[in-house]
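All remarks here apply to the structure that follows.
Remember, predicted model here, so these are calculated numbers, not experimental data.
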Amino acid sequence: MTTTTPPINEPVRSYAPESEDRDALNLALADLQDNPRPLPMRIDGRDLAGEGEGFTVYAPHAHYRELGCGQQATRSDVSAAIDAALRVAPEWANMSWKSRAAIFLRAADLLAGPWRHRLNAATMLGQSKTVFQAEIDAACELIDFWRWNVHFGRHLQEEQPTSSVGVQNRAEIRPLEGFVLAITPFNFTSIAGNLPTAPALMGNVVVWKPARCQQLAANLIMEILEAAGLPAGVINMVTGGGAAVSEVALAHPALAGIHFTGSTGLFRSLWKGVADHIEDYRTFPRLVGETGGKNFVVAHASAQPDALMVALLRGAFEYQGQKCSAASRAYVPNAMWPQLRTSLADATDSIPMGDIGDFSNFMGAVIDEEAYNRLAGVILAAKDDPHLKLVAGGECDRREGWFVRPTIYETDDPNHPLLERELFGPILTVYPYPEGDWNDILRLVDGTSPYGLTGSIFSDDRQAIDLALQVLRQAAGNIYINDKPTGAVVGQQPFGGARGSGTNDKAGSAANLSRWVSPRIVKETFVPPAEWRYPHM
């Protein structure tokens, strides 16, 4: 087994004015937005238009701009994808580890080079990400996933049991028996690329259902993988909503696992569906899910207000708050709040938002009309809530795109629903807490929300930090000290949470890859015993 040093995380490019990167990206943006394209399913290495109901993908920040059209997968389409995967499963499983790894390392290099600007442009247009948000997601994080997964997978191959005299023990890493269903979200192109490929790297075959509004970038990911040499049928992409996918895949006896990122409610429904068919499966399916979050920022009296303000602005409003890790509730000492409130309101109201083609914008639009209506409803209801005071924002505009201004509320109710409920948008609720026992506010933070994904502690007092880490032990799978609760980097901060936030299998780590293998231990005895009686007899 060849050993290598760990990969270096892909450097983030700046796209400065008049740079070659910026010029190339603008060309890719113009091409994709001016030339709507078919968005077919990809089954057994072939495009399939399908016979289901059609759907159109639009740019969220310019909802009149058509980017492409696809078809809703039918039950027969999903069955065809499963059949294609199972046909190639033996050959893919028997391919050498080095050959499988080389495919994904090549995909990483293709994305780092000739495909970078095109996938970034697709992510900007289809998901309304600014250039920086697209670069750290569609380019850097996906490149990192592919390179670091090979690194971690190699270590899993190298782990071997000990052997005694006359015996040789060895571990073989086998893929799961059957197929893996990957269901991916709209908000991260990197997650959409990682969820089907992490199991595939370990020898599994996959049926992949991307989010409909992320379909433009998803199709490009398939093109990159096939350009890198991924054999037909290893990953089969079905499109549209998930009803037919769930009905067929969850009832199939060869379902071996589900790799999921999305809402907590949907993951629970998938889990229930698996339970309903548990006696029909050939093996117990592996369920790996990263779901919702109601992520906190809690500030001690010793916190630095300027650093806290930056963390709240970036943590709550980058990518319109549509990150499962986004800061959506904050706890600030009463004495600190008046001054922070003023500076936070001024900064929030000055945030530029609009078409992501204008690189001066900090925010784009929320993903679609459904998200816009849901968030607009929250803002409308807040106007008549006696326990909420509007600090900044509170405006929506749907004329050109699905724009929701970054919004901050102050509440006097420590158990207000806006401190408990996931909103998945640019809305931050702040509870100014009375000076007193730091332990009490930490227990409030821990007990307020059913989620446990990310959180931030702001303090310059080491004892306060240590107490917070102790009390908030189960409150977040990724916790940050004096930093925003977003921006996990592959290989540096493996990501995931527990409670209502998922199974905490840490994407971007060996722990996640271990869920997609079924080890076999082989014991070989060189000179077998010839007498059945033991000495004590």
Side-chain angles (χ1 to χ4, degrees), residues 264 290-305 307-318 321-334 336-337 340-341 344 378 388 391 406-434 436-459 461 464-488 493 495-502 504:
T264 303
E290 191 262 293
T291 58
K294 188 66 180 176
N295 310 292
F296 61 84
V297 175
V298 57
H300 185 258
S302 63
Q304 298 179 23
L308 177 60
M309 184 182 75
V310 171
L312 291 174
L313 290 171
R314 289 183 171 180
F317 303 136
E318 285 181 329
Q322 296 174 128
K323 300 183 180 184
C324 49
S325 57
S328 57
R329 55 185 176 125
Y331 301 80
V332 179
N334 260 336
M336 185 185 298
W337 177 237
L340 179 63
R341 185 186 195 278
L344 197 57
V378 172
L388 294 176
V391 175
T407 298
I408 301 175
Y409 293 108
E410 173 188 339
T411 184
D412 58 4
D413 179 3
N415 297 115
H416 194 279
L418 293 192
L419 293 171
E420 301 174 349
R421 178 164 59 97
E422 184 181 40
L423 301 178
F424 217 68
I427 298 175
L428 171 68
T429 305
V430 180
Y431 173 62
Y433 66 87
D437 194 337
W438 175 236
N439 184 78
D440 287 346
I441 192 62
L442 294 174
R443 295 196 179 282
L444 175 67
V445 172
D446 181 57
T448 298
S449 167
Y451 300 100
L453 191 53
T454 72
S456 295
I457 303 160
F458 272 80
S459 175
D461 183 325
I465 292 171
D466 289 346
L467 180 61
L469 290 174
Q470 176 185 338
V471 176
L472 300 174
R473 187 175 183 83
Q474 299 294 338
N478 285 59
I479 200 157
Y480 299 78
I481 300 170
N482 293 322
D483 203 351
K484 61 186 175 68
T486 64
Q493 299 100 25
F495 188 78
R499 293 182 175 172
S501 294
N504 202 17

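Remark: I408 CD1 to F317 CZ distance equals 4.0 Å, nearest 0.5 Å. Taking CG of N504 as the start and OG1 of T291 as the end, the distance is 10.5 Å to the nearest 0.5 Å. Between the CG atom of L442 and the CG atom of D437 there is a distance of 8.5 Å, given to the nearest 0.5 Å. Taking NE2 of H300 as the reference point, atom CG of L308 lies at 13.0 Å (rounded to 0.5 Å). Interatomic distance, NE2 of H416 versus OH of Y409, reported as 9.5 Å (0.5 Å rounding). Between S328 atom OG and I427 atom CD1 the span is 10.0 Å, to the nearest 0.5 Å.
Remark: side-chain polar atoms of N295 are paired, donor with acceptor, to backbone N or O of C324 under 3.5 angstrom. A distance-only check finds no donor-acceptor pair linking the side chain of S325 to the backbone of T454 [under 3.5 Å]. At least one donor-acceptor pair closer than 3.5 Å links the side chain of S501 to the backbone N or O of G452.
The shortest non-hydrogen separation linking A299 to P333 is O-CD, 3.4 Å. When all heavy atoms of L312 and A330 are compared, the pair lying nearest together is CD2-CB, 3.8 Å. Of all heavy-atom pairs spanning R329 and L419, the tightest one is CD-O, 3.2 Å. For the pair L453 and E290, the tightest heavy-atom approach, listed with the atom from each and the gap, is CD2-OE2, 3.6 Å. Taking each heavy atom of P305 and A303 in turn, the nearest pair found is CD-O, 3.3 Å. Across all their heavy atoms, F424 and Q322 have their closest contact at CZ-O, 3.4 Å.
In this structure, the side chains of F296 and L444 stay at 4.5 Å or more apart for every pair of heavy atoms.
Each of L428, V378, T411, V430 was compared with L418 under the side-chain contact (heavy atoms from CB on, under 4.5 Å) criterion, and only V378 meets it.
Between R499 and D446 there is a salt bridge, since at least one side-chain N of the basic residue sits less than 4.0 Å from a carboxylate O of the acidic one.
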Go through the steps for K484 and L313 under the test side-chain contact (heavy atoms from CB on, under 4.5 Å), then give the verdict. CA-CA 9 Å; K484 61 186 175 68; L313 290 171; over 6 Å; no
Quick one: do V332 and F458 satisfy side-chain contact (heavy atoms from CB on, under 4.5 Å)? Show the steps, please. CA-CA 10 Å; V332 179; F458 272 80; over 6 Å; no
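Legend: side-chain hydrogen bond (donor to acceptor under 3.5 Å, both in side chains) pairs involving residues 418-433, not counting sequence neighbours: none detected.
With sequence neighbours left out, the salt bridge (charged side-chain N to carboxylate O under 4.0 Å, His left out) criterion links D461 to no other residue.
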For residues 464-479, tabulate all N or O donor-acceptor pairs below 3.5 Å that involve a side-chain atom, not counting sequence neighbours.
{"residue": "N478", "atom": "OD1", "partner": "G496", "partner atom": "N", "Å": "3.3"}
{"residue": "N478", "atom": "OD1", "partner": "K506", "partner atom": "NZ", "Å": "2.9"}
{"residue": "N478", "atom": "ND2", "partner": "P494", "partner atom": "O", "Å": "3.1"}

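No more than 12 heavy atoms of other residues, nucleotides or ligands lie within 6.0 Å of CZ in R314, so this atom counts as exposed by the packing criterion.
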